[in-house]
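Below is one structure, written out as structure tokens, with a few remarks after it.
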Amino acid sequence: MLDSVLDALVALPLVPTYLVLMALSALENVFPPVPADTAVALGAFLARRGEISVIPLAALCWLANTGSAAGMYVFARRHGPAFFRRGFGRRILSPGVMASLEEAYGRWGVAGIFFSRFLPGLRAAVTPFAGVAGLGAAQALVPAAVASALWYAFLAVVGYEVAENWEAVKAFIAGTNRALGVVALVAAALLGLWLWRRSRRRAS
């Protein structure tokens, strides 16, 4: 179904195409399964055919993605700590795990956010949890914005220069995301193990 939605973009006029691609880029930070990567690559592919312009496309999609990441950070910083201190939120993240999470962001926050923004699944979670952990706005959002700029530039190059047809673009992006997904799983497992060990030490 998602492929059908993306393929339907080919038939849209210029302005709606930009708006849909921006919306998909923004929604990725709210609902990670949204195929923002493929959508941006599709836009770049269309730019090669002369239907839209690749530089404004990449810039607008990056702005939409960065803006929604900032919005999730602000929302999580305002409401996240209270949510995780009581009830259901406290069962998800115990006080020990929360303290360890704050320690992790304090120790590796900037580098962790930068590298995680390249990883499927994790990229949507790092800025909200940075807000929950109390990381400063500049420390959380600057590395996220820089990483997203590099990623979107990569997608634009793939869609515009590398592949010869749309099916090849989709296959390349899917393969890249599968490889990055493996890295994301390993990173999440290592982080989970570290948080578990630190929380146990705090409890003992």
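In this chain, residues are counted from 1 in sequence order.
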Task: Contact summary for N65 and S148, nearest pair of heavy atoms - done: OD1-OG, 3.4 Å
- [ ] To the nearest 0.5 Å, tell me how far M22 CE sits from L27 CG.
- [x] 11.5 Å
- [ ] Specify the closest pair of heavy atoms between A76 and P81, including all atoms of both residues, with the distance to one decimal.
- [x] O-CD, 3.3 Å
TODO: Assess whether atom CD1 of I55 is packed by more than 12 heavy atoms of other residues, nucleotides or ligands within 6.0 Å.
DONE: no
Task: Connected via hydrophobic side-chain network under 4.5 Å: F115 and V142 - done: yes
Task: Same apolar cluster: L60 and V30, side chain cutoff 4.5 Å - done: no
- [ ] Find out if a path of hydrophobic residues (ILVMFWY) with successive side-chain heavy-atom gaps under 4.5 Å connects L190 to L185.
- [x] no
Open item on the list: Has W62 got a side-chain atom pairing as donor or acceptor with W151's backbone, closer than 3.5 angstrom?
Closed with: no
Open item on the list: Membership question, hydrophobic clusters at under 4.5 Å side-chain separation (ILVMFWY): are L63 and M72 in the same one?
Closed with: no
Open item on the list: If you compare all heavy atoms of G43 against all heavy atoms of L21, which two are closest, and at what distance to 0.1 Å?
Closed with: CA-CD1, 3.7 Å
TODO: Nearest 0.5 Å please: distance from the CD1 atom of I113 over to the CG atom of L141.
DONE: 8.0 Å
Task: Within 6.0 Å of CZ in R107, more than 12 heavy atoms from elsewhere - done: yes
- [ ] Hey, could you give me the OH/OG1 distance between Y152 and T66, rounded to the nearest 0.5 Å?
- [x] 7.5 Å
Which donor-acceptor pairs under 3.5 Å do side chains of residues 120-138 form with protein atoms, sequence neighbours excluded?
unit_1: R123; atom_1: NE; unit_2: R117; atom_2: O; d: 3.1
unit_1: R123; atom_1: NH1; unit_2: E28; atom_2: OE2; d: 2.8
unit_1: R123; atom_1: NH1; unit_2: D37; atom_2: OD2; d: 3.1
unit_1: R123; atom_1: NH2; unit_2: F118; atom_2: O; d: 3.1

Task: Atom pair CZ (F31) and OG (S68), whose distance is rounded to the nearest 0.5 Å - done: 14.0 Å
Task: Heavy-atom check, side chain of V110 versus side chain of F114, under 4.5 Å - done: no
Open item on the list: Starting from L155, can I reach L150 by hopping between I/L/V/M/F/W/Y residues whose side chains sit under 4.5 Å apart?
Closed with: yes
Open item on the list: I need the minimum non-hydrogen distance between V54 and A44, along with the two atoms involved.
Closed with: CG2-CB, 4.0 Å
